[in-house]
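Here is the structure we will look at.
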Amino acid sequence: MLYFVLSTPPLPPLLPKYSKCTDCDSFFFFFFKAYRMRNARSVIYSHGINACRSNLSEFPVECHQYLLKEKLYTLGFDQSFPGHGPLHNVESYNYKNGRRVVKARALHESALQPLQRYILLDIEGTTTPISFVTDVLFPYARNNVRKHLSATYDTEETKADIKLLRAQVEDDLKQGVIGAIPIPPEDAEKEEMISSLAANVEEMIKADRKITALKQLQGHVWRTGFQTKELEAVVYEDVPEALRKWHASGLKVYIYSSGSIEAQKLIFGNSNYGDLRKYLCGFFDTTIGNKKEARSYLEISQSLGVDSPTEVLFFTDIYQEAIAAKEAGKLKWHY
Ligand SMILES: CSCCC(=O)C(=O)COP(=O)(O)O
């Protein structure tokens with residue numbers, strides 16, 4: 001599977017210089033996100049790239065462009081390949097307050113290789129701001145999980161959620177996972193059971209665990225939030241147009257997220273740009289495999305019916321996921 005790197009692992013700051021932000025470039029926003037500088041923005045400044053936080057406070061990092069280029073190259077981000085990187089779509093170079101500002105078009109479908117008619121999109125950090133997931137969705141799940149379990153305790157759905165959680169916690173206890181709390185036996189009092197389940201869920205959310213047991217329950221809790229309009233999903237402003245164009249040009253777009261398939265449908269069905277599900281051909285979650293494992297991308301490719309994982313272009317902000325997707329192309333194809 002080919003991939004488009006939206007971020008890279010953190011690099012140490014190269015020069016202890018302070019920068020000043022006058023303009024931002026969206027590509028390097030993704031790059032600097034990989035420095036774990038949430039809200040960081042960047043400006044292409046003369047020979048290099050200066051970073052600052054979005055609130056314009058100074059940030060002690062300067063990364064010279066040739067070093068960045070070199071680093072990206074070692075990460076497999078080959079700027080000479082037309083599908084890789086907005087720097088090939090440069091429309092203009094301008095000078096603003098003595099600084100050079102590069103304006104570039106977003107990745108166009110013509111940049112795809114002829115066989116890549118399938119697009120696979122991650123959600124958090126790719127179509128949707130990380131802050132929406134961590135500051136809105138996760139707190140909503142944390143604050144409402146008790147209420148949800150209490151209200152739906154006897155439903156088949158919640159019984160299945162509890163069964164999955166119990167199995168996960170038992171496994172976690174065996175593995176010595178910090179924060180795992182024993183769940184009382186099945187015939188325990190409802191309140192005792194809910195307290196222990198909620199405490200485990202809280203720890204799992206805190207640790208940002210991408211496990212099916214948590215993600216399935218979270219999706220069910222969020223469903224109420226979307227139904228009552230307490231929640232509205234956020235996608236980046238260029239997402240609806242990109243989906244529309246890809247759809248119109250015959251590309252098939254799929255989602256692969258750690259969030260459950262039900263949660264993914266809630267996100268794209270209730271976004272700040274309306275219902276975007278009409279542009280999507282399907283959804284994959286952790287039930288097909290972990291996003292950092294190559295095998296998962298092979299499984300997805302096989303269920304899409306393509307001849308090889310290299311026919312699928314995967315977009316993510318997580319480096320290990322991109323590498324796993326790339327590795328899938330080398331795995332043995334089973335029929
Ligand atoms: C389905 S949206 C909820 C996102 C979520 O729970 C999550 O863990 C994000 O994972 P992703 O694989 O999209 O980075």
Side-chain angles (χ1 to χ4, degrees), residues 1 3-9 30 33-34 36 38 119-145 148 161 164-165 168 200-227 230-236 239 243 253-273 275-277 279-280 282-297 299-300 312 314-325 328:
M1 193 172 291
Y3 62 96
F4 184 71
V5 178
L6 295 180
S7 73
T8 67
F30 285 116
K33 231 170 51 176
R36 312 237 183 279
R38 266 186 208 149
I119 288 179
L120 188 62
L121 298 174
D122 160 62
I123 295 182
E124 182 184 346
T126 300
T127 63
T128 295
I130 294 172
S131 58
F132 173 70
V133 176
T134 56
D135 303 343
V136 179
L137 285 182
F138 287 178
Y140 185 91
R142 198 168 42 238
N143 297 337
N144 290 282
V145 66
H148 171 83
D161 288 349
L164 266 184
L165 274 172
Q168 180 67 52
N200 276 294
V201 166
E202 221 163 277
E203 289 298 324
M204 289 173 179
I205 294 176
K206 209 194 292 174
D208 192 15
R209 296 188 65 193
K210 308 290 189 191
I211 44 179
T212 306
L214 171 67
K215 294 295 159 187
Q216 187 168 300
L217 175 62
Q218 276 180 328
H220 296 147
V221 179
W222 292 330
R223 183 177 56 209
T224 307
F226 284 107
Q227 278 166 353
E230 284 170 88
L231 291 176
E232 182 188 62
V234 177
V235 296
Y236 290 118
V239 167
L243 292 179
V253 183
Y254 294 80
I255 303 295
Y256 182 28
S257 167
S258 307
S260 67
I261 289 175
E262 186 170 353
Q264 296 173 25
K265 289 178 180 170
L266 288 167
I267 298 279
F268 288 97
N270 301 277
S271 88
N272 50 338
Y273 290 94
D275 189 347
L276 301 171
R277 287 173 301 175
Y279 302 126
L280 302 172
F283 303 85
F284 296 95
D285 63 13
T286 51
T287 54
I288 203 146
N290 186 295
K291 292 179 76 188
K292 292 181 182 166
E293 283 170 18
R295 182 119 231 119
S296 310
Y297 298 87
E299 293 291 337
I300 290 175
V312 184
F314 177 49
F315 288 74
T316 182
D317 65 321
I318 304 291
Y319 178 68
Q320 296 95 321
E321 293 179 1
I323 292 303

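Keep in mind it's a predicted model, so treat the numbers as computed, not measured. In each ligand, atom 1 is the first atom listed, and ligand 1 is the first ligand listed. Scope of the values below: all heavy atoms of this structure, side chains included, with no hydrogens, waters or symmetry mates.
Smallest separation of non-hydrogen atoms from Asp317 and Thr126: N-OG1, 3.3 Å.
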What short N/O contacts, under 3.5 Å, does ligand 1 make with the protein, listed by atom pair and distance?
residue  : atom   : partner : partner atom : Å
ligand 1 : 6 (O)  : Lys215  : NZ           : 2.9
ligand 1 : 8 (O)  : Lys210  : NZ           : 2.8
ligand 1 : 8 (O)  : Lys215  : NZ           : 2.8
ligand 1 : 12 (O) : Asp122  : OD1          : 3.3
ligand 1 : 12 (O) : Ser258  : N            : 2.8
ligand 1 : 12 (O) : Ser258  : OG           : 3.1
ligand 1 : 12 (O) : Lys291  : NZ           : 2.6
ligand 1 : 13 (O) : Asp122  : OD1          : 3.1
ligand 1 : 13 (O) : Ile123  : N            : 3.3
ligand 1 : 13 (O) : Glu124  : N            : 3.0
ligand 1 : 13 (O) : Ser257  : OG           : 2.8
ligand 1 : 14 (O) : Asp122  : OD1          : 3.0

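By the 30° and 60° cut-offs, the orientation of the rings of Phe314 relative to Tyr256 is tilted.
Between Lys206 and Glu203, at least one side-chain nitrogen of the basic residue sits less than 4.0 Å from a carboxylate oxygen of the acidic one, meeting the salt-bridge criterion.
You'll find the ring centres of Phe268 and Tyr279 outside the 6.0 Å limit.
Side-chain contact between Lys210 and Asn290 is absent, with no heavy atoms from C-beta onward closer than 4.5 Å.
Heavy-atom contacts from other residues, nucleotides or ligands closer than 6.0 Å to NZ of Lys291 number more than 12.
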